There are 2 protein chains.
Amino acid sequence: MGRVTRGFLAVGTRFDAGAAIGGVLYKDVKRAMLAALAEGEWKPAEAIPSERKLIERFGVSIGTLRKAIDELVAENLLIRHQGRGTFVATHRMEDHFFRFFRVVRQDGYREYPTVRLVRFRRGKADKSEAVALGLSVGDAVLRFTNVLSLEKTPVMIDAITVPVERFPTLTEVQLRERPNTLYNFYQDGFGINIIRTEERLRATLANDDDADLMEVPAGSALLQVLRTAYSYHDERVEYRVSKLNTAHHEFTLSQP
Amino acid sequence: MGRVTRGFLAVGTRFDAGAAIGGVLYKDVKRAMLAALAEGEWKPAEAIPSERKLIERFGVSIGTLRKAIDELVAENLLIRHQGRGTFVATHRMEDHFFRFFRVVRQDGYREYPTVRLVRFRRGKADKSEAVALGLSVGDAVLRFTNVLSLEKTPVMIDAITVPVERFPTLTEVQLRERPNTLYNFYQDGFGINIIRTEERLRATLANDDDADLMEVPAGSALLQVLRTAYSYHDERVEYRVSKLNTAHHEFTLSQP
DNA sequence: TTACATTTGTTCGTATGTATA
DNA sequence: TTATACATACGAACAAATGTA
């Protein structure tokens with residue numbers, strides 16, 4: 001005989017609930033927590049309720065709760081600190097910056113880049129942007145380009161496209177004056193949390209524009225990174241084509 | 001008051017043992033299991049002892065054992081199958097092939113490559129090989145080159161270097177006739193398990209040799225991948241420089 | 001087909017250790 | 001010092017998958 005309720009779901013016996021919902025309780029808890037994150041009930045940098053409160057809220061045991069949290073921690077959505085609490089991950093420099101900026105000097109040295117905004121324009125999604133962002137060709141998008149420098153030397157060009165729908169009030173000035181990382185800015189300014197990216201890499205040759213911005217000869221070999229960035233529920237919110245000069249740097253698959 | 005022994009370690013009370021060894025019991029169990037794997041007590045594709053036997057062997061509770069196994073599973077060293085047992089991971093095609101072969105057609109289609117061995121020679125480690133493999137310059141190495149094709153078209157060149165010391169009996173014929181993946185061959189033929197790689201990516205231009213092997217014009221942009229492959233205990237056993245033609249394919253960071 | 005033994009997976013709960021404010 | 005929070009370790013009970021008799 002199962003329990004009579006599933007606590008937060010309250011849908012009948014343990015067994016019936018299992019058949020009716022996800023079958024696995026900790027997965028249901030995880031989903032509920034994911035919903036609390038996606039809906040903004042728990043905000044970046046804030047502590048979520050303590051384990052004791054969460055087991056009351058969800059009506060599960062400590063082990064089940066911890067298993068749900070374990071997975072959210074593994075996915076970098078939450079960060080646990082013994083003695084302090086469990087926190088919603090942010091994109092502040094200290095936290096996750098090098099998870100998304102994988103450029104390293106060839107001797108392994110890592111450094112924060114300086115960013116210069118060189119283009120900002122409204123436009124209509126082309127085919128590749130529409131495919132990448134799940135839009136229709138012609139939908140309104142914002143395109144902007146950053147030049148990233150390391151040790152004062154331009155090393156990477158990021159050509160970024162976002163749907164206007166998700167960033168309706170975004171202005172060039174805001175972008176230029178943002179105090180922190182771009183993904184942190186998405187987070188603070190628009191409530192959009194980038195939690196995952198998919199990236200594909202190619203080699204390409206510098207065109208005149210690249211050559212100009214990156215101070216290399218046209219025809220140089222560049223590493224091209226095609227990135228789609230995802231928010232909660234696999235929602236695509238940014239498409240980015242980066243070009244990296246690998247004369248002195250490289251793209252690393254190792255996390256620091 | 002702690003327990004009197006730590007089972008397989010038997011080094012005193014729980015607390016003392018903690019201070020003396022790793023401090024965390026499940027980490028000790030994990031280390032012991034890692035040792036059993038590294039020493040070949042548990043061999044690839046075989047089942048390790050059941051949880052019940054392991055908790056007897058290590059003198060820990062089921063929860064502690066499972067936490068140790070959880071981490072080894074997360075690191076892809078073990079694979080659990082409910083109802084069957086827990087198995088040592090292998091490099092057979094079905095298992096982990098696409099963890100190490102990250103080349104995908106631009107439309108996302110994945111395919112096993114065909115491999116052609118085009119060079120095999122003994123030599124002395126140069127600077128970069130020595131650094132990558134933790135050898136001294138001049139140490140004996142084997143170098144061999146594979147051309148990988150997808151849909152009958154050459155797409156990637158792998159220039160591979162391994163220390164002779166780790167592969168003393170390796171011959172060109174063996175390499176040419178291996179029935180399975182290269183890492184599976186290392187595993188079966190030399191007891192060497194590749195469990196992890198570090199990769200760095202650059203863009204480069206095709207030289208005459210590349211152009212010849214890959215049937216592209218010299219000067220084409222190619223994606224270069226510098227890979228160091230590790231066995232247990234972070235031992236470096238292979239250094240590989242790959243060049244990929246990204247005209248129709250790309251290097252993906254997504255796992256299938 | 002059925003029944004059973006074996007193995008891992010999930011859920012429960014308790015006690016204690018460790019880090020933090 | 002104290003209270004709070006997460007971390008580790010224990011183990012029981014049952015569920016689900018698998019292979020075999």
Side-chain angles (χ1 to χ4, degrees), chain A residues 1-9 13-31 33 42 46-74 78-88, chain B residues 1-9 13-31 33 42 46-74 78-88:
Chain A
M1 180 108 61
R3 289 186 294 101
V4 175
T5 70
R6 295 190 74 175
F8 67 111
L9 291 169
T13 68
R14 171 71 188 85
F15 183 81
D16 290 348
I21 312 285
V24 181
L25 187 51
Y26 80 86
K27 290 281 186 188
D28 287 343
V29 174
K30 182 184 171 188
R31 258 189 293 276
M33 295 183 71
W42 301 334
E46 289 181 0
I48 70 172
S50 70
E51 294 180 343
R52 208 184 58 75
K53 281 175 188 148
L54 289 173
I55 68 180
E56 280 172 21
R57 167 164 169 180
F58 296 132
V60 300
S61 74
I62 178 67
T64 300
L65 175 73
R66 285 187 64 83
K67 195 156 178 173
I69 296 179
D70 281 347
E71 293 200 354
L72 294 170
V73 169
L78 297 177
I79 301 176
R80 282 200 270 229
H81 293 290
Q82 186 174 357
R84 292 210 286 136
T86 301
F87 298 80
V88 183
Chain B
M1 180 108 60
R3 289 185 295 104
V4 176
T5 70
R6 293 191 76 176
F8 66 112
L9 290 169
T13 67
R14 171 71 188 84
F15 183 81
D16 290 348
I21 312 282
V24 180
L25 187 51
Y26 81 86
K27 289 281 187 189
D28 288 343
V29 173
K30 182 183 172 188
R31 258 189 292 278
M33 295 183 71
W42 300 334
E46 289 180 2
I48 69 172
S50 71
E51 293 180 344
R52 205 184 58 76
K53 282 175 188 148
L54 288 173
I55 67 180
E56 280 173 22
R57 167 166 170 178
F58 295 132
V60 300
S61 73
I62 179 66
T64 301
L65 175 74
R66 286 186 65 84
K67 193 153 181 176
I69 296 180
D70 281 347
E71 293 200 355
L72 294 170
V73 169
L78 297 177
I79 301 175
R80 283 200 269 229
H81 293 289
Q82 186 175 357
R84 294 209 286 133
T86 301
F87 298 79
V88 183

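All values derive from a computational prediction rather than experimental measurement. Order of the sequence lines fixes the chain letters, A, B, ..., with proteins taken first and strands second; residue numbering starts at 1 for each chain.
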Item checked: Nearest-nucleotide pick for B:Arg80, side chain only, options being D:dC10, C:dT8, C:dT14 -> C:dT8
Notebook entry, point to check: With A:Ser50, which residues qualify under side-chain contact (heavy atoms from CB on, under 4.5 Å), at least two apart?
Noted result: A:Arg52, A:Lys53
Next item on the list: Ignoring the backbone of A:Tyr26, work out which of D:dT8, C:dT10, D:dC10 is nearest its side chain.
Entry: C:dT10
Item checked: Nucleotide D:dA5, atom P - distance to CD1 of A:Ile62 in whole Å -> 11 Å
All N/O contacts under 3.5 Å from nucleotides 3-7 of chain C to the protein, with atom names and distances to one decimal?
unit_1 : atom_1 : unit_2  : atom_2 : d
C:dT7  : O2     : B:Gly83 : N      : 3.2

Next item on the list: Could you tell me whether the side chain of B:Asp28 reaches within less than 4.5 Å of the side chain of B:Arg31, counting heavy atoms only?
Entry: yes
Check: Between atom NZ in B:Lys30 and atom C1' in D:dA9, what is the gap in whole Å?
Finding: 18 Å
Next item on the list: Could you list the residues that satisfy side-chain contact (heavy atoms from CB on, under 4.5 Å) with A:Lys30, not counting sequence neighbours?
Entry: A:Ala68, A:Glu71, A:Leu72, A:Glu75
Item checked: Heavy-atom pair with the smallest gap, counting every atom of B:Ile48 and B:Val88 -> CG2-CG2, 3.8 Å
Margin query: Show the nearest heavy-atom pair for residues A:Val29 and A:Phe58, with the distance to one decimal.
Written below: CG1-CD1, 3.8 Å
Checklist line | With B:Arg84 via salt bridge (charged side-chain N to carboxylate O under 4.0 Å, His left out) - residues at least two apart | finding: none
Check: A:Leu25 has an atom CG; how far is it from atom C1' of C:dC12, in whole Å?
Finding: 10 Å
Next item on the list: Return the minimal non-hydrogen interatomic distance between B:Leu65 and B:Ile55, and the atom names on each side.
Entry: CD2-CG2, 3.7 Å
Item checked: A:Arg80: partners by side-chain contact (heavy atoms from CB on, under 4.5 Å), with sequence neighbours left out -> A:Glu51, A:Arg66, A:Ile69, A:Asp70, A:Val73, A:Thr86
Next item on the list: Would you indicate which nucleotide in D:dG11, D:dA9, C:dG13 comes nearest to any side-chain atom of A:Ser61?
Entry: C:dG13
Check: Heavy-atom contacts under 4.0 Å between residues 65-72 of chain B and DNA chain C, which residues?
Finding: B:Arg66
Note to self: What is the distance, to the nearest angstrom, from the CD1 atom on A:Ile55 to the P atom on D:dA5?
What the structure shows: 12 Å
Item checked: Integer-rounded Å distance: C:dT8 C1' and B:Leu54 CG -> 12 Å
Check: Rounded to the nearest 0.5 Å, what separation is found between the CG atom of B:Leu54 and the CE atom of B:Met33?
Finding: 5.5 Å
